[in-house]
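Report on one structure; see the data block that follows.
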Amino acid sequence: MSRRVMTIALIAAIVIIIAGVYIAGAAMNDASADFSQKSLSPSWEHPFGTDLLGRDMLTRTIKGLSLSLFVGLTASGVSAIIALIIGVCAAFGRGVIDHFVNWLIDLTMGIPHTLLVILISIAAGRGWRGLLIGIIFTHWTGLARIIRGEVLQIRSNHYIAAARKFGRSGWWIMSRHIVPHMLPQFFIGLILMFPHAIMHESGLTFLGFGMPPEQPAIGIILSEAMRYLSSGMWWLAIFPGLALVIMVVLIDKLGECVKLLLDPVSAQE
Amino acid sequence: MLLEAKNIRFGYNKSKLVLDGVSLSVDAGERVALVGPSGCGKSTLSQILAGYMKPDSGAVLFDGKPLPKRGYCPVQLIYQHPEKAINPRWKLRDTLTEAWNPNAEFLDEMGIAPEWLDRYPTELSGGELQRFCVARALGPQTRFVIADEMSTMLDVITQAQIWELTLKTAERRNLGILAVTHSLELAERICNRVALFGDLR
Amino acid sequence: MENEVVLSVSGLSVSFRMYTKGLERRELKVISNLNINVRKGEILAVAGSSGSGKSLLAHAILGILPKNAVVEGDIRYLGEPLTKKRVAKLRGGEIALVPQSVEYLDPLMKVGRQVSPDESAVEKVFARYKLDKSVGKLFPFQLSGGMMRRVLCATAVISGAKLIIADEPTPGMSKELADRAMKHFRDLANEGAAVILITHDIDLALGYTDRIAVFYAGTTVETALASDFDSEDKLRHPYTKALWRAIPKNGFRPTEGTQPYAGSLPDGCLFAPRCELKGEKCACGAIEPRNIRGGEVCCHYAA
């Protein structure tokens with residue numbers, strides 16, 4: 001089997017796993033409390049064990065991952081679009097706009113990430129909305145910088161200058177020549193931003209700045225579990241934590257695979 | 001005069017001028033070759049004449065007026081490397097129609113096979129791509145063509161083909177031509193006046 | 001007596017495995033049935049239009065083709081097969097490439113160090129190319145085009161190369177500069193190196209080379225002596241004759257049609273669709289080279 005076939009198969013597998021987790025989580029009912037089953041260690045019936053209220057941890061983990069995926073996808077999607085717009089504007093506007101954008105990128109990157117997400121999410125009204133806004137407004141910088149550089153390079157091409165001489169407008173050049181050229185970069189950037197967003201979401205929720213406690217988010221599960229670790233209930237933290245890490249690694253791998261396929265150098269190998 | 005350059009000065013940095021007071025004028029129907037060694041500023045001058053760059057001082061006049069800033073430019077530049085002048089992600093049909101809509105008869109005259117239109121630039125050779133660049137630059141609103149070493153990267157047969165079809169159209173439509181080249185032999189073949197770059201000052 | 005053959009290439013073909021749509025793969029043959037040889041002390045010009053496979057030949061000899069390339073045929077250096085391993089050892093030493101552009105040099109390293117770590121040797125070879133000692137202290141971007149060319153030649157000289165492959169060393173140069181560059185190659189050949197000069201500028205190559213291999217669509221149609229280009233009658237292959245007629249000083253007469261490109265090559269003679277001598281035999285099978293008047297030609301009807 002050629003590398004290309006294997007890469008495509010891997011991408012398909014990862015997408016199926018992620019979609020499966022998301023759909024399963026969305027379709028499931030919340031794990032119900034059952035005090036007769038409380039604090040059970042992992043067994044066939046409850047592979048991830050149960051918590052103090054007798055809720056099945058597997059159900060809670062899948063629900064939590066599903067929520068994280070939703071928040072992550074929304075946040076990184078919106079963030080990537082912001083990056084695309086800002087990056088293209090900076091490269092096109094040159095002068096004042098470019099300076100302003102660069103200043104803004106430096107500013108955003110200069111403040112420690114976690115701190116900035118916390119500040120923005122509190123300012124935006126906490127809860128999942130605050131969290132979403134916080135992640136959106138902090139994750140666009142790296143991609144915006146890449147896009148800006150790429151656009152600067154493309155617009156110095158002779159065919160752009162020629163298009164202008166054929167009477168084509170700046171809008172035409174941007175939408176026909178430049179943006180299509182950027183799309184592979186954009187999608188790779190988006191996918192690679194995805195795990196970041198999920199980690200920040202969970203991290204912040206764990207610290208108590210993110211999702212409200214009644215949501216079944218992974219961060220909530222982990223922070224609850226912390227309290228019972230010392231009492232020997234290791235399964236409360238290990239399985240949800242491991243599931244989160246696996247999910248993040250899978251998405252990262254997905255990004256790498258897509259990059260491999262879209263990159264003209266590696267695409268023919 | 002159709003195209004005039006008056007006392008053009010230009011430098012990429014302040015200390016060294018590439019063009020120091022260059023003047024040149026070409027009339028409609030005239031074919032002028034601009035000959036000079038590499039690195040002397042021929043390419044820079046042709047980009048200024050086509051309105052791609054602004055001179056530091058001096059003026060480029062077309063029909064007595066400055067070149068239009070927007071819209072179709074009546075002065076078109078054909079560049080040395082066709083593969084850089086064509087968007088690599090577009091089919092050649094799109095590249096062609098970005099400029100204008102040539103009919104089948106014109107394409108045939110340019111030696112462009114209909115099946116090339118649905119190919120991507122990497123699937124054609126440099127000579128074939130250059131035909132597209134020439135065809136694209138010869139839109140109905142074009143009145144002057146600047147060819148900046150347009151056949152330098154091509155083999156001699158393709159060079160002769162490209163020039164033959166360019167000159168045929170130019171003659172029929174009374175276009176002005178400025179051919180920038182380092183080859184005096186080529187210049188004498190294609191043009192009715194040769195300007196040595198060193199003498200323009 | 002003829003000098004020993006330094007490099008001989010026979011029956012070379014190069015194809016690329018490409019993805020066309022989705023997962024369909026196909027082999028794109030870009031070089032087929034290609035034959036050249038070059039002797040000690042001579043310059044062989046390899047002439048042809050873009051897309052005729054000239055640069056790929058250089059890459060094939062040097063073993064630096066991309067991974068998806070498939071090479072068949074026989075490449076021999078001093079009589080022994082030139083394997084990937086062997087060429088890797090010889091590259092940069094006995095076999096040197098004079099590349100097309102500055103981009104092959106390390107932009108962050110002073111040029112003197114890149115030519116050779118031995119300063120006195122660099123000085124000697126620079127003096128020969130009328131380069132000032134101080135040039136060695138410059139970075140590649142600080143050199144003019146002409147200086148660059150001389151530095152690249154110096155790199156080949158200092159390594160004592162027996163085989164020098166120059167890939168399009170002159171485009172964009174003025175006549176004077178190009179002549180000077182060609183003289184450098186002539187000197188190298190006169191000192192005993194074998195030089196392969198890849199160019200599309202036949203006109204320039206004529207004055208300095210011994211033989212010219214004419215490429216068409218990835219194959220050699222003719223290897224002629226440089227002096228054969230004095231008149232059309234001395235040339236053998238119809239394509240070479242067409243080339244001759246298109247040179248500005250010989251009439252500037254174009255021949256119709258275009259070179260077929262890899263993937264849609266005709267069977268048999270690749271030039272047949274444009275050829276005036278075309279006969280029934282041309283339509284099928286590869287054409288083996290024949291010796292005519294001291295040159296080689298791949299044509300059934302050449303005389």
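So you know, we letter chains A, B, ... as the sequences are listed, proteins then strands, and number each from 1. None of the values given here were measured: they were computed from a predicted structure.
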When you look at CD of Glu105(B), are more than 12 heavy atoms from neighbouring residues, nucleotides or ligands closer to it than 6.0 Å?
-> no

What pairs of donor and acceptor atoms, side-chain ones from residues 171-180 of chain A against any protein atom, are under 3.5 angstrom apart with sequence neighbours left out?
unit_1: Trp172(A); atom_1: NE1; unit_2: Glu98(B); atom_2: OE2; d: 2.9
unit_1: Ser175(A); atom_1: OG; unit_2: Trp171(A); atom_2: O; d: 2.9
unit_1: Ser175(A); atom_1: OG; unit_2: Trp172(A); atom_2: O; d: 3.4
unit_1: His177(A); atom_1: ND1; unit_2: Asn87(B); atom_2: ND2; d: 2.8
unit_1: His177(A); atom_1: NE2; unit_2: Glu98(B); atom_2: OE2; d: 2.6

Can you establish whether the number of heavy atoms outside Phe70(A) located under 6.0 Å from its atom CZ is more than 12?
-> no

For Trp90(B), is it the side chain, the backbone, both or neither that has a heavy atom under 4.5 Å from a heavy atom of chain A?
-> side chain

Does CH2 belonging to Trp128(A) count more than 12 external heavy atoms closer than 6.0 Å?
-> no

Report the distance from atom CD1 of Ile154(A) to atom CZ of Arg89(B), rounding to the nearest 0.5 Å.
-> 7.5 Å

Spell out the residues in residues 160-169 of chain A that have some non-hydrogen atom less than 4.5 Å away from a non-hydrogen atom of chain B, in order of number; otherwise answer 'none'.
-> Ala161(A), Ala162(A), Ala163(A), Arg164(A), Lys165(A), Phe166(A), Gly167(A), Arg168(A)

Checking heavy-atom separations under 4.5 Å from chain B, one finds in residues 101-111 of chain A none

Quick one: what part of Gln141(B) sits under 4.5 Å from any heavy atom of chain A, side chain, backbone, both or neither?
-> neither

Do other residues, nucleotides or ligands put more than 12 heavy atoms under 6.0 Å from the CZ atom of Arg70(B)?
-> no

Best-contacting candidate, Gly139(B), Pro74(B), Cys73(B), against chain A by heavy atom pairs under 4.5 angstrom | Cys73(B)

Among residues 128-138 of chain B, which residues come closer than 4.5 Å to chain A, judged by heavy atom distances?
-> Arg136(B), Ala137(B)

Crowding at CZ, Phe100(A) (>12 non-hydrogen neighbours, <6.0 Å) = no

Has Arg129(A) got more than 12 heavy atoms of other residues, nucleotides or ligands less than 6.0 Å from its CZ?
-> no

